[in-house]
Chemist: 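Before anything else, here's the structure in question.
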Amino acid sequence: MISSKICDLIGIQYPIFQGGMAWISDAKLASAVSEAGGLGLISAMNANAEYVREEIRKCKTMTKKPFGVNIMLQSPFAEEVAKVVIEEKVDVITTGAGNPSKYMKAWLEAGIKVVPVVASAAFAILMERIGASAVVAEGCESGGHVGELNTMALIPQVVDAVKIPVLAAGGIGDGRGMAAAFMLGAEGVQCGTCFLVADECCVSQTYKDKIISASDTATIVTGKRFGHPVRSLKTPFSKKFADMEKDNTITDEEIMAFGAGSLRKAVVDGDAKGGSFMAGQIAGLIKEQRPAKAIIESMVSEAESLLNKANNRIK
Ligand code: TUI
């Protein structure tokens with residue numbers, strides 16, 4: 001059986017977090033992952049406090065196991081969501097796309113475990129200093145907003161920089177990735193893309209089919225012009241976005257208007273042309289739709305068998 005400090009720290013069976021994905025990680029997916037022994041996370045995305053409160057309450061009716069809320073710090077509602085997670089006494093908060101320092105004191109006083117997502121060793125050190133219980137170090141193989149470093153380079157450097165446990169994210173979609181993360185010094189993994197095809201995941205069937213038919217080179221990073229790079233599947237939308245970014249005669253405002261609402265179009269409407277289908281580089285590895293429990297159990301059993309056999313490498 002895989003053993004990890006993260007399981008003891010949070011009270012979960014397997015050291016697997018489900019990433020907080022905007023429009024996607026709702027109470028249904030989060031509770032399914034937590035019920036299966038991982039840590040499910042509800043994405044607060046750009047939603048207001050009442051939406052987040054409702055999802056937390058729904059999740060509590062669906063699982064008695066620990067679950068968390070992911071707060072996207074660039075959300076206009078981050079401040080009010082930061083209060084709701086205290087009022088609703090969530091077990092774990094993860095944060096993304098920014099610095100959670102100003103909320104830390106209140107969260108820690110409420111006894112919440114805070115696990116910021118980081119993309120560099122320097123930021124991980126800062127998060128440890130202000131009281132984070134662990135960090136998720138996310139390489140740019142991930143879907144959505146990406147940093148600069150890839151997972152292979154990032155994880156060992158973050159592991160060396162801090163004493164708190166590190167979870168690896170970005171490009172991890174099966175037991176091989178999980179075993180490799182342990183070899184790099186991680187205490188667990190966070191996965192997003194592989195849960196997009198979970199039976200319990202609310203995304204449109206178009207989104208799931210696109211992930212299942214994706215190849216290894218199916219993703220593209222756009223948004224660098226705005227200092228907000230985002231990885232998604234190559235689609236008519238993302239290719240046009242990339243072309244517009246390169247064109248100096250097109251203003252930032254025009255591009256932003258073109259991109260508005262595109263994630264919702266992918267998740268809710270299944271709009272293959274106008275949608276932004278955020279996904280990581282691991283999409284090409286995902287071949288079937290299954291329950292979250294099957295995704296987790298096959299990842300863990302494959303990782304265990306690989307780690308058991310690792311000794312065969314030594315003569
Ligand atoms: O946050 C993510 N991934 C996301 S957020 C998101 S929301 C969105 N974005 C575009 C269009 C529509 C919706 C989509 N994907 N991952 C966690 C993550 N955080 N990765 C990297 C970081 C990060 C980057 C810089 C964390 C901190 C940081 O710097 C903090 C600082 O102040 O230096």
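Counting starts at 1 for both ligands and their atoms, in listed order.
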Chemist: Residues two or more places apart in sequence or in another chain: which of them pass side-chain hydrogen bond (donor to acceptor under 3.5 Å, both in side chains) with E55?
Modeler: K58
Chemist: With a 3.5 Å distance limit and no angle check, can you tell me whether T151 reaches the backbone of E138 through a side-chain donor-acceptor pair?
Modeler: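 Judged by distance alone, no pair lies under 3.5 Å.
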Chemist: Which residues satisfy the salt bridge (Lys or Arg N to Asp or Glu O under 4.0 Å) test with D243, sequence neighbours excluded?
Modeler: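 Salt bridge (Lys or Arg N to Asp or Glu O under 4.0 Å) check on D243 returns K246.
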Chemist: Does a side-chain heavy-atom distance below 4.5 Å link M278 with T219?
Modeler: no
Chemist: Other than F258, which residues form its hydrophobic cluster under the rule that side-chain heavy atoms must be closer than 4.5 Å?
Modeler: F226, F237, F241, M244, I250, I255, M256
Chemist: Who are the residue neighbours of ligand 1 when the rule is a heavy atom under 4.0 Å from any of its atoms?
Modeler: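 Contacts of ligand 1 under 4.0 Å: M72, G96, A97, G98, N99, V117, A119, F123, E138, G144, H145, H228, V230, M278.
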Chemist: Working to the nearest 0.5 Å, report the span between OG of S3 and CG of D8.
Modeler: 7.5 Å
